[in-house]
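These notes concern the structure reproduced below.
We number each residue from 1, following the sequence as shown.
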Amino acid sequence: AHGRSPVAVIPVGSAVQKLDPAGALLLAGGVGFALLYVSNGANVGWTDGLYLGYLILGMALIAGFIVLERRVSQPIIDMRLLFSPKVATVLFVAFFAAIVVGIQAFSIPYMVSTPNAHGLISATQQGAAARFKGLVQPDQIPVKVIGDIGYGLGFTLLGLAFHVQVWGSSVSMVSGAASGQLSGKIGARKPLLIGMLAFALTSGIYAAAHHGALTLALVGVVFGIGFGAFYATTPNLLVEASPPEQQGITAGMLGVSNSIGTAVGTAIAAAFQAAHPVKLVVAGQTVLAGTPDPKTGITKRAGVFTDTAYTQIFIA
């Protein structure tokens with residue numbers, strides 16, 4: 001009205017973010033079926049027809065996911081971005097780091113909550129005597145443990161938290177903050193490398209020595225340094241490696257990489273456990289060490305595993 005040029009108003013948030021449910025289902029299904037084979041292969045046999053079928057189905061779904069992601073406008077994982085060197089390197093590191101996180105987060109609590117040989121024998125005698133309804137005293141039932149469980153501490157979850165987990169977790173918070181500060185000054189690559197060296201170091205130490213709460217707590221402190229550095233630096237590196245309009249996609253890709261890596265780590269640990277179960281000789285009968293079926297008294301699946309299982313897990 002007063003001779004001024006009209007001002008163009010640009011609506012904020014007008015772009016519509018589309019979901020990719022088909023991609024999500026293909027990826028989740030593919031990884032899930034493949035991990036069924038990895039985690040149970042040692043239990044049922046690596047050449048079992050059903051589980052080989054799971055593996056083939058999983059790989060087929062993952063292949064379908066890759067084909068689909070090249071065609072949708074807003075994919076869960078942008079394949080062109082995935083194979084750009086800077087992004088691929090960070091996701092590659094993140095995947096294997098997440099495997100270490102998955103293995104240690106699974107194995108350490110399992111080990112610490114496993115009873116020692118005396119506790120396992122006592123619990124087995126109590127359970128066996130209960131089936132005789134007081135006619136037999138527990139100490140009259142001979143029990144022999146086949147397999148080394150010298151790592152077992154028999155802690156409750158509260159004992160695990162207080163004696164082992166709280167120390168490494170506290171250090172990881174400090175490490176994360178420090179790594180974030182260092183990233184702003186010297187870049188995120190060096191703190192990430194320090195974190196990955198800490199992961200490798202803890203895996204090596206655990207493979208050689210994983211007995212006793214103090215050992216687990218001290219090595220867990222070193223792991224905490226790596227844990228904080230890893231989660232503080234990888235998002236920054238991906239932001240640097242991707243154009244602004246695709247930073248949301250790369251953040252999602254990092255989440256997928258971490259989730260799959262953690263699942264793979266857990267499946268690897270379960271496979272080694274299944275290959276090395278502890279057995280018990282109870283009154284002359286050899287059974288698996290674990291929770292028996294209350295009706296039949298038969299233990300169908302091992303719940304306690306040998307020292308060799310955990311040594312091999314950490315080497316892997």
Side-chain angles (χ1 to χ4, degrees), residues 89-114 150-240 251 254-255 257-266 268-269 307 310-316:
T89 300
V90 177
L91 294 178
F92 182 82
V93 171
F95 174 72
F96 283 98
I99 289 178
V100 177
V101 172
I103 281 177
Q104 295 203 20
F106 177 86
S107 301
I108 301 302
Y110 219 118
M111 292 165 58
V112 170
S113 61
T114 298
Y151 63 84
L153 297 175
F155 282 177
T156 62
L157 290 178
L158 181 60
L160 163 69
F162 179 76
H163 290 286
V164 179
Q165 300 289 60
V166 68
W167 313 109
S169 299
S170 300
V171 169
S172 70
M173 290 190 289
V174 177
S175 171
S179 298
Q181 289 293 324
L182 276 174
S183 296
K185 295 179 180 179
I186 64 173
R189 284 186 293 179
K190 289 182 180 179
L192 177 60
L193 286 172
I194 292 171
M196 296 304 93
L197 286 171
F199 275 9
L201 180 63
T202 57
S203 296
I205 296 174
Y206 277 143
H210 46 256
H211 291 204
L214 180 59
T215 298
L216 296 177
L218 291 174
V219 182
V221 166
V222 180
F223 178 77
I225 295 171
F227 189 86
F230 168 56
Y231 280 103
T233 55
T234 46
N236 291 336
L237 284 168
L238 281 178
V239 166
E240 293 174 9
L254 178 61
S257 181
N258 287 341
S259 297
I260 294 176
T262 303
V264 169
T266 306
I268 289 172
D307 188 272
Y310 294 102
T311 298
Q312 292 182 359
I313 285 169
F314 293 124
I315 290 172

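When every heavy atom of Val219 is checked against every heavy atom of Thr202, the shortest pair comes out as O-CG2, 3.5 Å. Residues Phe199 and Gln104 share a closest heavy-atom pair of O-NE2, 4.4 Å. When all heavy atoms of Gly224 and Val171 are compared, the pair lying nearest together is C-CG1, 4.1 Å. Residue Leu237 comes nearest to Ala188 through the heavy atom pair CG-CB, 3.7 Å, listed as atom of the first residue, atom of the second, then distance. Pro191 approaches Leu182 most closely through the heavy-atom pair CG-CB, 3.9 Å. Here the closest non-hydrogen pair linking Leu216 and His210 is CD2-O, 4.0 Å.
For Phe106 and Tyr110, the distance between ring centers is under 6.0 angstrom.
A donor-acceptor contact shorter than 3.5 Å links the side chain of Ser172 to the backbone of Ser169. No side-chain donor-acceptor contact under 3.5 Å links Thr114 to the backbone of Gly152. Thr262 contributes no side-chain N or O that, together with a main-chain N or O of Gly102, makes up a donor-acceptor pair within less than 3.5 Å. Within the 3.5 Å criterion, the main-chain N or O of Pro109 finds a donor-acceptor partner in the side chain of Ser113.
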query = How far apart are the C-alpha atoms of Ile103 and Thr266, what are their side-chain angles, what is the distance that settles it, and do they pass the side-chain contact (heavy atoms from CB on, under 4.5 Å) test?
reply = CA-CA 5 Å; Ile103 281 177; Thr266 306; over 6 Å; no

Pair Asn258-Phe95, side-chain contact (heavy atoms from CB on, under 4.5 Å): steps then yes or no = CA-CA 6 Å; Asn258 287 341; Phe95 174 72; over 6 Å; no

inquiry  = Run Phe314 and Ser107 through side-chain contact (heavy atoms from CB on, under 4.5 Å) and show every step you take.
reply    = CA-CA 9 Å; Phe314 293 124; Ser107 301; 4.0 Å; yes

request  = Would you sort out whether Leu192 and Val90 count as a side-chain contact (heavy atoms from CB on, under 4.5 Å), showing the intermediate values?
outcome  = CA-CA 10 Å; Leu192 177 60; Val90 177; 5.5 Å; no

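For residues 218-236, there are no side chain to side chain donor-acceptor pair (under 3.5 Å) pairs, not counting sequence neighbours. Sorted by first then second residue, the ring pair (Phe, Tyr, Trp, His ring centres under 6.0 Å) pairs that include residues 156-189, not counting sequence neighbours, are Phe155-His163.
If you take CZ on Phe223 and CD1 on Ile205, they are separated by 13.0 Å, rounding to the nearest 0.5 Å.
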